[in-house]
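See below for the structure under consideration.
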Amino acid sequence: MKNFKQLRIWQKGFDIAVNSFKLTATFPNEQKFGIGSQITRAAVSIPSNIAEGSSRSSEKDYNRFLEISLGSTYELETQLLISQAAGPGNNNSSNKILSDIVEEQKMLIGFINKLNT
């Protein structure tokens, strides 16, 4: 078992999740339970899958959870872009999260590639 809290990919994912919660708290009520709920679920999935994967004994299983986490970054990115286009929320906060997501995607892809070599 790896100490997932020491992984930079988990730390970045954790920050993305926290900032996503803060962003959706600013949404109008009618948006909080639609797109806001989807945003927070996808955001929480990123560090959660990294943590769960770290408990797996095989690298193949660990890799699968990292790929799920990566998929959640793309899902979250899409949801934030939709949210920006629809207009609910702070675009500055959203842009910061989008920038963090791109960094997280690169880190996850690098980590996955390293595990597969």
Side-chain angles (χ1 to χ4, degrees):
M1 180 183 293
K2 299 138 192 92
N3 185 348
F4 63 88
K5 290 182 253 178
Q6 292 181 348
L7 294 171
R8 285 185 38 229
I9 56 172
W10 181 85
Q11 294 167 358
K12 175 65 77 176
F14 183 88
D15 290 342
I16 289 169
V18 169
N19 290 330
S20 295
F21 268 93
K22 290 177 181 178
L23 173 68
T24 59
T26 68
F27 285 7
N29 284 337
E30 62 273 4
Q31 300 286 335
K32 284 182 185 177
F33 302 107
I35 191 79
S37 178
Q38 289 180 300
I39 287 171
T40 55
R41 280 196 306 267
V44 166
S45 177
I46 297 166
S48 297
N49 277 294
I50 294 167
E52 186 172 355
S54 73
S55 73
R56 303 302 169 151
S57 58
S58 78
E59 286 191 7
K60 183 178 177 182
D61 279 345
Y62 191 20
N63 191 59
R64 184 170 60 86
F65 280 93
L66 292 172
E67 288 176 348
I68 292 168
S69 181
L70 179 61
S72 293
T73 67
Y74 289 109
E75 180 181 358
L76 178 59
E77 182 178 14
T78 300
Q79 292 162 350
L80 288 170
L81 292 170
I82 291 168
S83 141
Q84 281 185 331
N90 182 328
N91 276 349
N92 290 334
S93 296
S94 186
N95 285 334
K96 169 67 171 115
I97 297 168
L98 285 166
S99 174
D100 288 344
I101 289 170
V102 170
E103 184 179 343
E104 178 78 344
Q105 289 165 344
K106 290 176 184 175
M107 290 177 7
L108 278 165
I109 289 167
F111 194 62
I112 290 167
N113 288 339
K114 185 177 179 183
L115 282 178
N116 290 329
T117 57

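The structure presented is a predicted model; accordingly, all values stated were derived computationally and were not measured.
- Minimum heavy-atom separation, F33 to N29: CD1-O, 3.3 Å.
- Taking CD1 from I39 and OG from S83, the interatomic distance works out to 4.5 Å, rounded to the nearest 0.5 Å.
- Atom OH of Y74 sits about 15.0 Å away from atom CD of Q79, to the nearest 0.5 Å.
- Here the closest non-hydrogen pair linking L98 and L81 is CD1-CD2, 4.0 Å.
- A donor-acceptor contact shorter than 3.5 Å is absent between the side chain of S99 and the backbone of N95.
- When all heavy atoms of L23 and F27 are compared, the pair lying nearest together is O-CD1, 3.6 Å.
- Listed for the S37 side chain is no donor-acceptor partner under 3.5 Å among the backbone atoms of G34.
- Through direct or relayed side-chain contacts under 4.5 Å between Ile, Leu, Val, Met, Phe, Trp and Tyr, V44 connects to F21.
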Donor-acceptor pairs under 3.5 angstrom involving side-chain atoms of residues 62-71: please list them, not counting sequence neighbours.
residue: N63; atom: ND2; partner: E67; partner atom: OE2; Å: 3.3
residue: S69; atom: OG; partner: I46; partner atom: O; Å: 2.8

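- We find the CZ-CG distance between F14 and L7 to be 14.0 Å, quoted to the nearest 0.5 Å.
- Between I97 atom CD1 and K22 atom NZ the span is 10.0 Å, to the nearest 0.5 Å.
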Show me the donor-acceptor pairs, under 3.5 Å and distance only, between side chains in residues 100-107 and residues at least two apart or in other chains.
residue: D100; atom: OD1; partner: K96; partner atom: NZ; Å: 2.8
residue: D100; atom: OD2; partner: K96; partner atom: NZ; Å: 3.0
residue: E103; atom: OE1; partner: K12; partner atom: NZ; Å: 3.3
residue: Q105; atom: NE2; partner: T73; partner atom: OG1; Å: 3.3
residue: Q105; atom: NE2; partner: E77; partner atom: OE1; Å: 3.1

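- Rounded to the nearest 0.5 Å, atoms CG (N116) and CZ (F111) are 10.5 Å apart.
- Neither side chain, S45 nor R41, offers a donor N or O lying under 3.5 Å from an acceptor on the other.
- Considering all non-hydrogen atoms of both residues, A51 and S54 come closest at O-OG, 2.6 Å.
- Using a 4.5 Å heavy-atom threshold, the side chains of L76 and S20 count as touching.
- Between atom CD1 of residue I50 and atom CZ of residue R8 there is a gap of 12.0 Å, rounded to the nearest 0.5 Å.
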